[in-house]
Every structure is written in C-alpha cells, then in structure tokens.
Engineer: 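Have a look at this one.
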Amino acid sequence: MSTYENIYKIVRQIPIGKVATYGQVSELANLSGKPRLVGYALYRVDIASDIPWHRVINAKGEISYSPLRQGGDYTQKVLLEQEGIEFNTEGKINLRQYLWHPGNY
DNA sequence: ACATTGACCCGTT
DNA sequence: GAACGGGCCAATG
C-alpha cells in the first residue's frame, strides 16, 4: 500500500459534518510530523473522486485554497456548508464544534 | 538519477 | 496575538 493510499483511506473515514486537520490525518496515517504529505497527497486527488478532500482543513480552522483550484475557489466552502458546517465572519470554522474526534475503537 | 514542486505545523521571537 | 523560520517526504518531469 502506497503512502498516499494510506492517506486517502483516512480521509474517507471522516464523517459527514465533521472536519479534520492535515496534522490529524497525518498522524492517523502513520505520518506523524509530516503533515505536508497530506497536503501533497490531496493535491493529487481528483476533485471528482470519491475522497472527501473538502473535509480536510488546516490547523487554524481555515480552508487551504489551492492555486490550481482557483476556478473553484469556494467549492470546498460550499461543500462543507452543505454538510451543515458554518463559517464565522472571518471565514473560519469553529474547530471545537466541527473537528473530528476519531473514535478508533 | 537530479531538481522541482507542493492543500502544512510548531516553537520561538 | 502576529510574524518568522525550520523541518518534513513523496511524486513528477
């Protein structure tokens, strides 16, 4: 299993209505301390794939926009709002409320 | 095989 | 709080 497949597997486990940070995903994927790999992996994911890439955000509770996805700038925001996640006036998510706490049991 | 490219996180000023 | 810098590794041409 490739490193990136591992990441994709974790991302697929994020429940609807919750979000996870890159750091979180990296730890769950046995890539502790290497959160960039998560971002790089998601960069390679197709926007139309079955992977809920939109539920992965940065540690500040903000959406990380990709320069390459400039056309669909708030595609990610729209998808999250459709799942009931709300943004504050600064465009940030309340992590205390929406951050995914992986059960793992 | 080398160089470039990338959606980040954390500790310290 | 905000700003800055270092570290990290895999895929791609």
Engineer: How many whole angstroms separate atom CG of A/Asn6 from atom C1' of C/dA11?
Structural biologist: 16 Å
Engineer: Report the residue (A/Ser2 or A/Gly33) whose heavy-atom-nearest nucleotide on DNA chain C is the more 5′ of the two.
Structural biologist: A/Gly33
Engineer: Indicate for each nucleotide in nucleotides 4-13 of chain B, in 5' to 3' sequence, whether protein heavy atoms under 4.0 Å reach the base (B), only the sugar-phosphate (S), or nothing (-).
Structural biologist: --BBBS----
Engineer: N/O contacts under 3.5 Å, protein versus nucleotides 2-6 of chain C?
Structural biologist:
none

Engineer: Compare all side-chain heavy atoms of A/Asn94 with those of A/Asn88 and state whether any distance is below 4.5 angstrom.
Structural biologist: no
Engineer: Applying the side-chain contact (heavy atoms from CB on, under 4.5 Å) criterion to A/Arg55, which one of A/Val11, A/Ile14, A/Leu79, A/Val25 satisfies it?
Structural biologist: A/Ile14
Engineer: Salt bridge (Lys or Arg N to Asp or Glu O under 4.0 Å), that's the test. Do A/Glu83 and A/Lys18 meet it? Break it down for me.
Structural biologist: CA-CA 8 Å; A/Glu83 299 185 352; A/Lys18 295 285 181 184; over 6 Å; no
Engineer: First locate atom CD1 of A/Ile16, then atom CG of A/Leu80, and finally report the distance between them rounded to the nearest 0.5 Å.
Structural biologist: 11.5 Å
Engineer: What's the spacing between A/Tyr8 OH and A/Arg44 CZ if we round to 0.5 Å?
Structural biologist: 7.5 Å
Engineer: Got a salt bridge between A/Lys60 and A/Glu62, using NZ or NE/NH1/NH2 to carboxylate O under 4.0 Å?
Structural biologist: no
Engineer: To the nearest 0.5 angstrom, please state how far the CH2 atom of A/Trp53 sits from the OG1 atom of A/Thr75.
Structural biologist: 6.0 Å
Engineer: Answer yes or no on whether A/Lys92 is positioned over the face of A/Phe87, meaning its NZ or CZ is under 6.0 Å from the six-membered ring centre and within 45° of the axis.
Structural biologist: no
